[in-house]
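Before any comments, here is the structure.
By convention in this document, chain letters (A, B, ...) are assigned in the order of the sequence lines, proteins followed by strands, and residues within each chain are numbered from 1.
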Number of protein chains: 2
Amino acid sequence: MPKYMHIANVLRNQIMSGEYVANQQLPLEKEFCEVFSVSKMTVKKALDILVSEGLIIKRRGYGTFVKDLTQVEIQRLMMSRQFIGTSALYTKSEVRSKVINFTVDAAPADIAEHLNIEEGSFVYNIYRVRIVDGEPLAIEQTYMPIDVIPGLKIENVQGSIYEYIEVKLNSAIQSAHRKIRVRKATDFEANELGLELGDPVGIVEQTGYLNTGELFEYSFSIHKYDSFQIEFVLTRE
Amino acid sequence: MPKYMHIANVLRNQIMSGEYVANQQLPLEKEFCEVFSVSKMTVKKALDILVSEGLIIKRRGYGTFVKDLTQVEIQRLMMSRQFIGTSALYTKSEVRSKVINFTVDAAPADIAEHLNIEEGSFVYNIYRVRIVDGEPLAIEQTYMPIDVIPGLKIENVQGSIYEYIEVKLNSAIQSAHRKIRVRKATDFEANELGLELGDPVGIVEQTGYLNTGELFEYSFSIHKYDSFQIEFVLTRE
DNA sequence: AAGTGGTCTAGACCACATT
DNA sequence: ATGTGGTCTAGACCACTTC
């Protein structure tokens, strides 16, 4: 593990455990250099990670301070930081899947465009109901090119597709682009999720990239309104 | 402007103008060093900005590549990158405000907790209907401590509060924490937004921080479902 | 004036991916 | 074997904030 990541981990744990409290000034960069026996650039890189996570604030000419957050907010931030998958939207609970469809199809025009592949290329067409703590909370439609994610089996689809990609395929997921929308549930969605017709649902549209730069996933999920929540941090510069 | 920012701007423009196209390999870091007459660390920092914006992907031992994005996606990304304010959710259009309430109140317990101030401290209580292209699209309730944002006038509330803070007050907004939820519109909300009772609305709950680390804003906005969309990029590491 | 974090360098060495 | 990006250093200088 790089030194800067180790330092970021140590300080993150100290903030999460309350060793540094809200609004408290942290030791100076110069002091951290001595404590960890590293150069200034390395300390700065570690602190910048915590800034981007929303935990601390740095002020030139003044110092570095823990952000004005409650312990609950800090815990929430750290949970939503960990993962990228759709199942990660329901952090604390166990997520199962009822597989409604798992086929390989020729990609229709709109899907091909989202995945940036030729129309008619073969893609997995995966349709799942996501069940959290025994309750159906989301419907998820996923498309993945078969040549980017080879060898996907029904067992993987029933569990975590992301785990298959990272562990079995030894590929790494690099990033994801997300769009959040809101609309009324269709008849079908209402039925699957135990809602009334016209009840609200949250829509998450996602395209996922491997660290090879390849587009590996286009997914579209519909979430029951009363258990849906997404959190994130925006930072300037 | 720092060199790394200048370099990031130049390359961002080249990607946005199509000078570098999807999946194309960029020049090597070493080559950028010569082109811009800077050191390797400076080039790396510039490229890392574009990675975090979701425009490019770097692969150790291989090279740096433009992400597999359509021109439309690139334009969208760049729009949502610019601002942090609630009005920035409606990027391309003109946003006006109908001010329903603008008072200074003693903060009730729940608001005081969100702003991390003493219960009973004075806060602006601002209630606005946000009107985009002549149509009411969102209701926004904002609380700000008066001693953090002194001198706020009705004119500022009718326009952009963020502009008042940045230009007139010469403070800088550093970051914001956001939660997105979905629920049914209340009677009042439906009336203000021209919806049926029970229609879906998107909820954005936001706490804003100045670069001093001070919590300056707690806001809560309710958005008409058919014109609501939020986009963001998640990156690993 | 003193002290903070921010930028930048020139070069060393490392981890990883291709050929 | 070669070449890529990743990490790290020691130190210089700059921009900003407070006292």
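Side-chain N or O atoms of Tyr143(B) include none that pairs as donor or acceptor with a backbone N or O of Leu115(B) at under 3.5 Å.
If Thr64(A) and Pro2(B) are placed on DNA chain C by their nearest nucleotide, the residue sitting closer to the 5' end is Thr64(A).
Sorted by first and then second residue, the ring pair (Phe, Tyr, Trp, His ring centres under 6.0 Å) pairs with a member in residues 42-69 of chain B read Tyr62(B)-Phe65(B); sequence neighbours excluded. Sorted pairs that involve residues 104-114 of chain A and meet salt bridge (Lys or Arg N to Asp or Glu O under 4.0 Å), not counting sequence neighbours, are lacking altogether. Residue pairs meeting the salt bridge (Lys or Arg N to Asp or Glu O under 4.0 Å) criterion with at least one member in residues 59-68 of chain A, sequence neighbours excluded, do not occur.
In this structure, Ile56(B) atom CD1 and dT4(D) atom C1' are separated by 14 Å, rounded to whole Å. Rounded to whole Å, atom C1' of dG6(D) lies 17 Å from atom CD1 of Ile57(B). Look at CG on Leu47(B): it is 13 Å from C1' on dG6(D), rounded to the nearest Å. Regarding Glu29(B), its CD atom lies at a distance of 8 Å from the C1' atom of dT4(D), rounded to whole Å. What separates NZ of Lys44(A) from C1' of dT7(D) is a distance of 15 Å, to the nearest Å. Rounded to whole angstrom, the span from the CD atom of Gln25(B) across to the P atom of dA17(C) amounts to 15 Å. Spacing between atom CG of Asp48(B) and atom P of dG6(D) amounts to 6 Å, rounded to whole angstrom units. Atom-to-atom, NE2 of His6(B) to C1' of dT7(C) comes out at 15 Å; the value is rounded to the nearest Å.
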Anything under 3.5 Å between a donor and an acceptor, one on a side chain of residues 29-42 of chain A, the other on a protein residue two or more places apart or in another chain? List them.
| residue | atom | partner | partner atom | Å |
| --- | --- | --- | --- | --- |
| Glu31(A) | OE1 | Leu28(A) | N | 2.9 |
| Ser39(A) | OG | Thr42(A) | OG1 | 3.4 |

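Contact annotation: Lys58(A) does not reach the phosphate of dT4(C) (side-chain N/O to OP1 or OP2, under 4.0 Å). Using a 4.0 Å cut-off, some side-chain N or O of Lys45(A) falls inside it from OP1 or OP2 of dT7(D).
Partners of Val21(B) according to the side-chain contact (heavy atoms from CB on, under 4.5 Å) rule, which considers only residues two or more places apart in sequence or in another chain, are Gln24(B).
Classified by interplanar angle (parallel below 30°, tilted 30° to 60°, perpendicular above 60°), the ring pair Tyr209(A)/His177(A) is tilted.
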Summarise how protein sits on nucleotides 9-19 of chain D as a single string, 5' to 3': B when a protein heavy atom is under 4.0 Å from the base, S for sugar-phosphate-only contact, - for no contact.
BB----BBBS-
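Among the atoms of the strands shown, only primed sugar atoms or phosphate atoms (P, OP1, OP2) are found under 4.0 Å from some heavy atom of Leu28(B).
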